[in-house]
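Each remark here refers to the structure printed beneath this line.
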2 protein chains.
Amino acid sequence: MTTGHHIVKSYDDELKALNDTIIEMANLTEIQFESAIQALMNQDTELAYKIIKDDDRIDDLNHEVDEMTMKLLALRQPMAMDLRNVVAAIKISSDLERIADYATNMARRTVPLINEGTVIRPIHNIPRMGEAVIEMLKNVVDAYIAGDADKAVAVWHADKAVDEMYVSLFRELLTYMMEDASHITPCTHVLFIAKNIERMGDHVTNVCETVYYLVRGEPLREDRVRKTRTDRLLTDDIETKE
Amino acid sequence: MTTGHHIVKSYDDELKALNDTIIEMANLTEIQFESAIQALMNQDTELAYKIIKDDDRIDDLNHEVDEMTMKLLALRQPMAMDLRNVVAAIKISSDLERIADYATNMARRTVPLINEGTVIRPIHNIPRMGEAVIEMLKNVVDAYIAGDADKAVAVWHADKAVDEMYVSLFRELLTYMMEDASHITPCTHVLFIAKNIERMGDHVTNVCETVYYLVRGEPLREDRVRKTRTDRLLTDDIETKE
């Protein structure tokens with residue numbers, strides 16, 4: 001909670017400290033996400049418990065960002081780009097915290113999957129989907145650091161591939177459940193793990209929208225971009241659109 | 001996007017307009033949520049499509065709140081309680097928008113459930129769970145309007161019952177899927193509908209935390225309150241904790 005270790009001398013230092021905290025959160029979130037995939041695929045219970053424990057650090061950083069932004073807004077009254085930076089920090093930290101929460105939930109589901117001992121064939125599609133979203137996360141953090149709105153838009157569009165991977169995996173899981181009733185319980189865990197990754201991708205697109213607004217000063221309206229998606233099947237939308 | 005219909009003469013008017021927009025968003029979100037339960041239980045396809053269409057209005061209000069808060073922060077440089085009010089508006093509108101998104105996803109899943117024609121027995125537990133979260137939503141909006149931190153804490157705790165209802169329904173759905181492979185596809189829709197409602201409850205607890213901070217000026221730390229939940233089974237946590 002305390003931001004005491006950020007000894008700041010000036011307004012610029014405070015903005016830099018806020019920026020650094022966001023990047024630290026993003027890096028930790030990436031590690032949690034990568035570890036969650038690793039724990040699942042390597043059946044590593046110890047790593048799964050470590051992920052659950054380490055989530056506290058990201059929650060703390062999120063509260064730290066809240067405190068830093070309130071102080072900045074109250075005492076420095078930022079304007080224009082600086083103000084957008086502060087508001088962007090509130091939004092990005094909240095999305096990163098959610099992404100990390102989903103990684104934690106993946107770790108929680110890994111434990112009973114390992115204990116059960118059954119290997120669920122469709123699980124082998126999880127890493128590809130996970131790596132796609134980790135790549136999106138890395139790229140949007142780069143876009144944030146570089147102030148690159150075009151890159152943020154490119155990452156935004158990359159989510160379409162993740163949605164497609166999810167729908168395909170979802171169908172594979174349904175078939176696998178129908179083959180044998182003993183697959184149902186483990187498959188629901190894998191189903192929710194896949195859903196978690198799909199939701200993580202959605203949160204990355206939120207960060208894309210925030211970075212776009214931060215750089216351009218105008219919103220990347222969802223309805224403007226999502227028009228490109230209306231050709232998709234309604235059944236796909238059911239699974240990937242909230 | 002335009003906030004042109006809010007003709008504001010003063011700082012106080014601007015804060016009031018922001019407040020009114022949050023309450024309008026909350027009311028529309030409640031209606032969407034109630035309608036989603038109704039469409040599902042009454043097999044009302046027309047209502048389901050109306051919910052999907054009406055979600056745009058809530059997205060627009062969310063963008064409106066973003067614009068109003070940026071203007072307030074840039075031009076009015078609010079302090080103390082007013083500043084907390086503005087930051088609270090950013091957070092609450094984002095949670096309300098997510099709750100409305102989940103209502104929309106419920107409506108999307110209602111359509112194939114109706115078309116399939118199979119009545120899934122465990123669906124009858126959805127209204128009770130939904131009504132519990134709608135009640136939480138109404139109460140936290142009252143707490144926001146009244147500036148009642150204690151009420152916000154009470155609503156926060158009410159989410160425990162929703163989590164329990166979800167876990168119980170989850171188990172019932174698993175059993176039902178195992179009984180007959182033809183139940184699997186419709187049951188996954190009901191499973192995700194139940195999961196949506198559980199997540200809506202989590203977003204209401206976020207609003208509780210925001211209202212608490214708004215009124216008290218200090219965070220309702222999750223770890224402080226969630227201590228009361230550590231006695232719960234790990235298996236329950238898997239399903240309801242991200």
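Chain identifiers are assigned alphabetically (A, B, ...) following the order of the sequence lines, protein sequences preceding nucleic acid strands; residue numbering begins at 1 within each chain. Just the heavy atoms: all of them, side chains too, but no hydrogens, waters or symmetry mates, feed the values below.
With sequence neighbours left out, A:S93 forms a side chain to side chain contact (heavy atoms under 4.5 Å, CB included) with A:I22, A:M25, A:N62, A:V65.
Looking at B:I90, the atoms closer than 4.5 Å to chain A (heavy atoms on both sides) all sit in the side chain, from C-beta outward. In this structure, chain B has heavy atoms under 4.5 Å from both the backbone and the side chain of A:R84. Within the 4.5 angstrom heavy-atom criterion, only side-chain atoms of A:T188, from C-beta onward, approach chain B.
Looking at B:E46 and B:K50, no side-chain N of the basic residue comes within less than 4.0 Å of a carboxylate O on the acidic one, giving no salt bridge.
Note on B:H183, B:M106, B:M177: by heavy-atom pairs under 4.5 Å with chain A, the leading option is B:M177. Counting heavy-atom pairs closer than 4.5 Å to chain A, the top-ranked of the candidates B:R109, B:M79, B:E179 is B:R109. Of the residues considered (A:L75, A:T185, A:L83, A:T104), A:L83 shows the highest number of contacts with chain B, using heavy-atom pairs under 4.5 Å.
Because its NZ or CZ atom is not both nearer than 6.0 Å to the ring centre of B:Y213 and within 45° of the ring axis, B:R216 does not count as a cation-pi partner of that residue.
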| Derivation of the side chain to side chain donor-acceptor pair (under 3.5 Å) call for B:Q32 and B:D55 | CA-CA 8 Å; B:Q32 289 284 86; B:D55 188 50; 4.7 Å; no
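A side-chain contact (heavy atoms from CB on, under 4.5 Å) with A:T110 is found for exactly one of A:L47, A:T45, A:L40, namely A:L40.
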